Amino acid sequence: MNWNTLLQQLADQGGEFRLGEIHGHLCGRLVGGHVLVGSSGQRIVENLLNIQSGESPELIGQMVDLMQQSYRQLETSTFGFELLLPDDDWALASRLESLADWCNGFLEGLGHTLAASELSKDAEMREILVDLAEIGNLSLEVDESNENEAYYTELYEYVRVAVMNLYALFRASAQDEAEDAPERH
């Protein structure tokens, strides 16, 4: 999905939408085990964007496609998951703001799932969640410099890998619980 295209569609919808936060929220729900396909995915997008059922079908379709693309990326073990953020043509401050929004949205979306409490039981996972919260509170006043560009790239990669790790660990934990559960007859 293209950042600029989706941003324009959201702007056409009206209201104050932060695309990074929206994508982060949806990914948080995916990491937390929500299956966001079909009508359930559509309802989540409609609620998130405060859109009445049946309104803006093109935008809703694009956002559902985005969720499915993110899910497929998380499911592959090739580290192909990508955050939906502005590209390098945007000012560094705008990209950092979108990354902070993405992290805040991710934590909010994860909080809507049962995984949040499960993940917070593990010390390593708690540390990642704290790191994401700190990135969500970044100071956005930065100079355009090679050093700050490198810092942004490191943050982006950290968040990307952290999300894939959270996804894998939650899935492994859920699988272990399912295997340990007594059989029902």
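Below, all heavy atoms of this structure are taken into account, side chains as well, without hydrogens, waters or symmetry copies. It should be emphasised that the depicted structure is a prediction, and the values quoted were computed from it without experimental measurement.
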Review point. Does Glu82 offer a backbone N or O that forms a donor-acceptor pair with the side chain of Gln73 under 3.5 Å?
Key: yes
Review point. Salt bridge or not for Glu75 and Arg72, using N-O below 4.0 Å?
Key: no
Check your understanding: Are Gln42 and Glu46 close enough, and set up right, to give a side chain to side chain donor-acceptor pair (under 3.5 Å), and what steps lead you there?
Key -> CA-CA 6 Å; Gln42 183 175 330; Glu46 288 169 348; 3.1 Å; yes
Check your understanding: About how many Å separate CG of Leu166 and CD1 of Ile128, when rounded to the nearest 0.5 Å?
Key -> 5.0 Å
Review point. How many angstroms lie between atom CD of Glu21 and atom OG of Ser98, to the nearest 0.5 angstrom?
Key: 10.5 Å
Point to revise | Exceeds 12 heavy-atom contacts within 6.0 angstrom, atom CG of Asp12 | key: yes
Check your understanding: Taking only residues two or more places apart in sequence, or in another chain, which ones meet Asp101 in a side-chain hydrogen bond (donor to acceptor under 3.5 Å, both in side chains)?
Key -> Arg18
Review point. Within a radius of less than 6.0 Å around CG of Asn165, do more than 12 heavy atoms belonging to other residues, nucleotides or ligands occur?
Key: yes
Check your understanding: Hey, what do you get for SG (Cys27) to CD1 (Ile22), rounding to the nearest 0.5 Å?
Key -> 12.0 Å
Revision key, fill the gap. Those residues at least two apart in sequence (or on a different chain) that pass side-chain hydrogen bond (donor to acceptor under 3.5 Å, both in side chains) with Asp88 are Arg95
**Study point:** Glu144 atom CD, over 12 foreign heavy atoms within 6.0 Å
**Key:** yes
Practice item. Using the test salt bridge (charged side-chain N to carboxylate O under 4.0 Å, His left out), find all partners of Asp87 that sit at least two apart in sequence or belong to another chain. Key: none
